[in-house]
Amino acid sequence: MNVSSKIPLLAHEYNFLLSMVVVNALVALLATFCNFLVILTLLKTPTIRTPSNVLVLGLAITDFITGCVLIPCYCVFLSTIMTNNKHSEIVRRAAFGLGSILLVASFYNVMVITGDRLLAVTLHLRYNNFVTNRRYTIALCCIWVLGFLTGSFRILYENQLFMKLIFFILFFISIDVNIVFLVKISRVVRKHTLQIHSQQRWATPSISTNIPRYKKSINTMYLLIGAFVLCYSPYLVQVAMAAVKKPSTDSVPVFKIIAQSILMANSLVNPIIYCIRIDEIRRNTLKIFSRLR
């Protein structure tokens, strides 16, 4: 966001920025606390440290960094606009750099989580032999390396049209891959459900007992991806508008600030979905929370 510090702010612009600082600060506190609880729960409870939850841990760490570092940095940036501070561009670039890395890491992380659910319903009993905590830990490391590399290129070529196109392509590939995975998962679960209802002999007991869990897992993924799309869409619209329109002369780009704030608020939505939809995380998080009180 390029905001001129030489243009004096009007009263309504100052009040808008102040309100966004307050809102983002509240989101930062809640996101940091909620993701800290999820991370602590997964690290302190060995019984739920499954490969799937290792991926949830990876996304929670990304959201935790967003809450405790990125959003406060963004609040500082908004404050520099309010005070016409000459260092606003330095703070903006710092927030943009970290945000780019976390943004791309989230893309990949959500995609891998959906892929894990597909492996669970297609591999069945072979899942535990093929998927391990160690392999998913390596996958998370690769996600962060890719996130760092992609985010770094986005920083270096921030104002280049081709970089914005790559960002759009990356987003839509991520969404398309997730949709394909979810469709395949739904088909497999539907197939096994029909087998169970028709009492076919080769519908194994292990599959039949896992059908409700698979269905709940699919609905959880729908919520995660739905929240992902809803939070990222305003920002993508804003980036697209900025790419085709002339640079705005407004001292405070209202829509851009709102879009970026909604984008970062995804870090608060994700842990709420985990705790509502994943029973084992919710139960153990409540236990951890009661000990902290």
Side-chain angles (χ1 to χ4, degrees), residues 1-3 17-40 56-82 85 87-110 140-141 143-158 163-164 167 170-171 174 224 227-236 238-239 242 252-274:
M1 181 196 316
N2 296 318
V3 180
L17 288 172
L18 180 61
S19 65
M20 294 309 298
V21 169
V22 173
V23 170
N24 278 284
L26 181 61
V27 171
L29 286 172
L30 293 174
T32 301
F33 178 72
C34 291
N35 284 291
F36 173 76
L37 278 180
V38 172
I39 293 169
L40 192 63
V56 172
L57 175 63
L59 189 57
I61 291 173
T62 303
D63 291 335
F64 176 77
I65 297 173
T66 300
C68 70
V69 181
L70 177 59
I71 302 180
C73 187
Y74 188 72
C75 289
V76 171
F77 167 63
L78 294 181
S79 299
T80 62
I81 301 175
M82 294 168 61
N85 192 297
H87 299 299
S88 63
E89 180 60 17
I90 297 174
V91 180
R92 184 198 71 82
R93 290 192 65 83
F96 180 81
L98 179 60
S100 297
I101 295 170
L102 294 174
L103 187 72
V104 176
S106 295
F107 279 174
Y108 295 135
N109 212 322
V110 171
L140 287 177
C141 292
I143 285 172
W144 275 99
V145 170
L146 288 172
F148 182 80
L149 292 175
T150 311
S152 298
F153 274 109
R154 190 163 179 252
I155 297 167
L156 292 173
Y157 302 101
E158 177 184 352
M163 197 65 238
K164 294 178 181 179
F167 176 71
L170 177 64
F171 176 81
S174 174
L224 275 175
F228 183 80
V229 172
L230 287 175
C231 291
Y232 280 61
S233 293
Y235 180 70
L236 289 171
Q238 182 273 316
V239 172
V252 178
V254 174
F255 180 63
K256 189 171 188 177
I257 293 174
I258 293 175
Q260 291 171 338
S261 299
I262 294 173
L263 171 70
M264 293 182 291
N266 185 241
S267 61
L268 172 60
V269 177
N270 287 337
I272 293 174
I273 294 175
Y274 309 148

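What you see is a predicted model, and the numbers here were worked out from it, not measured in a lab.
Going from atom CG of Leu102 over to atom OG1 of Thr66 covers 4.0 Å, rounded to the nearest 0.5 Å. Rounded to the nearest 0.5 angstrom, Leu236 CG and Cys231 SG are separated by 11.5 Å. Here the straight-line distance linking atom CD1 of Ile143 with atom CG of Leu146 works out to 8.0 Å at 0.5 Å rounding. To the nearest 0.5 Å, atoms CD1 (Ile101) and CD1 (Ile65) are separated by 9.5 Å. Annotation: the span from Leu78 atom CG to Ile71 atom CD1 amounts to 11.5 Å, rounded to 0.5 Å. For the atom pair CG (Leu37) and CZ (Phe64), the distance works out to 10.5 Å, reported to the nearest 0.5 Å.
Annotation: side chain of Tyr274 is in contact with side chain of Asp63 (closest heavy-atom distance under 4.5 Å). Side chains of Tyr74 and Ile257 form a contact here, defined as non-hydrogen atoms less than 4.5 Å apart. With a 4.5 Å cut-off on side-chain heavy atoms, Asn109 and Leu140 count as touching. Contact check for Leu268 versus Cys34: side-chain heavy atoms found under the 4.5 Å cut-off. Residues Leu149 and Val104 fail the side-chain proximity criterion, which asks for heavy atoms closer than 4.5 Å. A heavy-atom distance below 4.5 Å is not found between the side chains of Phe148 and Val145. The closest side-chain heavy-atom distance from Met264 to Leu70 is below 4.5 Å. Annotation: side chain of Leu263 is in contact with side chain of Leu103 (closest heavy-atom distance under 4.5 Å).
Residue pairs meeting the side-chain hydrogen bond (donor to acceptor under 3.5 Å, both in side chains) criterion with at least one member in residues 97-107, sequence neighbours excluded, are Ser100-Arg154.
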Please evaluate residues Ser174 and Val110 with respect to the criterion side-chain contact (heavy atoms from CB on, under 4.5 Å), reporting the C-alpha separation (whole Å), side-chain torsions for both, the decisive distance (0.1 Å), and the verdict. CA-CA 8 Å; Ser174 174; Val110 171; 5.5 Å; no
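Between Val91 and Cys73 the shortest heavy-atom distance is CG1-O, 3.6 Å. Nearest heavy-atom pair across Val21 and Cys75 is O-SG, 3.7 Å. Residues Asn24 and Ser261 approach most closely at ND2-OG, 3.0 Å, considering heavy atoms.
In terms of modelled atom types and a separation under 3.5 Å, the side chain of Thr32 and the main chain of Gly67 share a donor-acceptor contact.
Crowding of Phe255 atom CZ: a count of heavy atoms from other residues, nucleotides or ligands under 6.0 Å exceeding 12.
Remark: Tyr232 pairs with Phe107, Phe228 by the ring-ring contact (aromatic ring centres under 6.0 Å, His included) rule, at least two apart or across chains.
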